[in-house]
**Q** 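The following block contains the structure, expressed as structure tokens.
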2 protein chains.
Amino acid sequence: MVDRATTSTTKTEIPEEIAGLRMTRQRQEVYRILMEQRDHPTAQEVFLKAKDSLPNLSLATVYNCLEALVQHGIIRQVNFERESSRYCPNLREHGHFHDARTGVIHDVDFKPGCQLSDFLELPPGATIDDIEITIRGKIPTA
Amino acid sequence: MVDRATTSTTKTEIPEEIAGLRMTRQRQEVYRILMEQRDHPTAQEVFLKAKDSLPNLSLATVYNCLEALVQHGIIRQVNFERESSRYCPNLREHGHFHDARTGVIHDVDFKPGCQLSDFLELPPGATIDDIEITIRGKIPTA
DNA sequence: GCTGGAATTAGAATAATTCTTGCTATCGGT
DNA sequence: ACCGATAGCAAGAATTATTCTAATTCCAGC
């Protein structure tokens, strides 16, 4: 049985509140799964994993939790083409590289000192709220 | 009534075949709408416009046409968050700037001589098939 | 321990897109 | 010009990810 009487778990320790968001058991579990398994899972995948410790979790709750975490800037939602959304606890500004061979999504960091405006002819005076860079390509098997 | 006996129209001239794709009346119309109205319309929007000249066009056909055009590299599909796909006849490599204020999507070109690998820590040996850069931000009203 | 607001659940609803089926147009060969 | 083969099209059903709704449960503060 799972320890339900205290906040402490044998797993990763997660505070009761992050960024003003009350971390319920479901939100903790969802967040912990994202932190432990950083391969950008879908809501469905998170749901399946989370059911191990919260057997009567519902998929809607996973969506709710993910949305709450996204809204509070604790995780990021990543969309690739029209596939299911994926979720990512890496808050550093970074892009995503989809390996067409394996389907794996790698985080790719920006090189230090790089300014996007050095690259793009942005509309004059434009302010940037959010950037999404997705690259599809192949990584040699070697 | 619409001239159906010849290939020539009073509108933009479109060849009977592009990149090996037979340009049927429906595909021509879809393509012409994208070329004339370069604001990244959705399938639905293309459908509504196209119905003017092809009254018994179906939405499924618009999707078919768009897919055929995308497959043949004649247009590009653009996805933003989980919204409806949008379509773009601009084949130059470019990004998209979503103005949060107006909802308008602007094409943004890469500055000449820019290499994405100068910016990103790509996995070693990675080859790039396709890049998608989307920026959300605001453009001053002035 | 009660209570009100927030969170969760289960299932229905929604919306974009794709699939299926039967019909129609077009093409290449005669 | 005709004919069979093939590709394209239309209409509506089906699919799928996600959101919504309503009812229950949980929890923090009193």
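Every chain is numbered from 1 and lettered A, B, ... according to where its sequence line falls, protein lines coming before strand lines. Hydrogens, waters and symmetry mates are skipped; everything else that's a heavy atom, side chains included, is used.
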**Q** In whole angstrom, give the distance that lies between atom CD of A:Glu81 and atom P of C:dT18.
**A** 11 Å

**Q** Do B:Val70 and B:Phe80 belong to the same hydrophobic cluster, where Ile, Leu, Val, Met, Phe, Trp and Tyr are linked whenever their side-chain heavy atoms lie under 4.5 Å apart, directly or via other members?
**A** no

**Q** Over how many whole Å does the gap from B:Met23 atom CE to D:dG8 atom P extend?
**A** 12 Å

**Q** How many whole angstroms separate atom CD of B:Glu67 from atom P of D:dA10?
**A** 16 Å

**Q** Does B:Arg82 place a side-chain N or O at less than 4.0 Å from the phosphate oxygens OP1/OP2 of D:dT18?
**A** yes

**Q** So, A:Glu29 and A:Lys49, do they make that salt bridge, N to O below 4.0 Å?
**A** no

**Q** Please state how far atom CG in A:Leu48 lies from atom P in D:dA17, giving the value in whole angstrom units.
**A** 12 Å

**Q** Quick one: CG on A:Leu34 to CG on A:Leu66, what's the gap to the nearest 0.5 Å?
**A** 6.0 Å

**Q** In whole angstrom, what separates B:Glu83's CD from C:dA15's C1'?
**A** 13 Å

**Q** What does B:Thr42 touch in the nucleic acid at a heavy-atom separation under 4.0 angstrom: a base, only the sugar-phosphate, or nothing?
**A** nothing

**Q** Closer than 4.0 Å, any side-chain N/O of B:Tyr63 to the OP1 or OP2 of C:dT18?
**A** no

**Q** Let me check the geometry of the helix from C:dG1-D:dC30 to C:dT30-D:dA1. What is the bend angle between the axes at its two ends, five pairs each, to 10°?
**A** 30°

**Q** Polar pairs (N or O, both sides) under 3.5 Å between protein and nucleotides 6-10 of chain C?
**A**
from: C:dA7; atom 1: OP1; to: A:Arg27; atom 2: NH1; distance (Å): 3.0
from: C:dA7; atom 1: OP1; to: A:Arg27; atom 2: NH2; distance (Å): 3.2
from: C:dT8; atom 1: OP1; to: A:Thr24; atom 2: OG1; distance (Å): 2.5
from: C:dT8; atom 1: OP1; to: A:Gln26; atom 2: OE1; distance (Å): 2.9
from: C:dT8; atom 1: O3'; to: A:Gln26; atom 2: NE2; distance (Å): 3.3
from: C:dT9; atom 1: OP1; to: A:Asn56; atom 2: O; distance (Å): 2.9
from: C:dT9; atom 1: OP2; to: A:Ser58; atom 2: N; distance (Å): 3.3
from: C:dT9; atom 1: OP2; to: A:Thr61; atom 2: OG1; distance (Å): 2.4
from: C:dT9; atom 1: O5'; to: A:Asn56; atom 2: O; distance (Å): 3.3

**Q** Would you say the side-chain atoms of A:Arg136 pair up with the backbone N or O of A:Phe97, donor to acceptor, closer than 3.5 Å?
**A** no

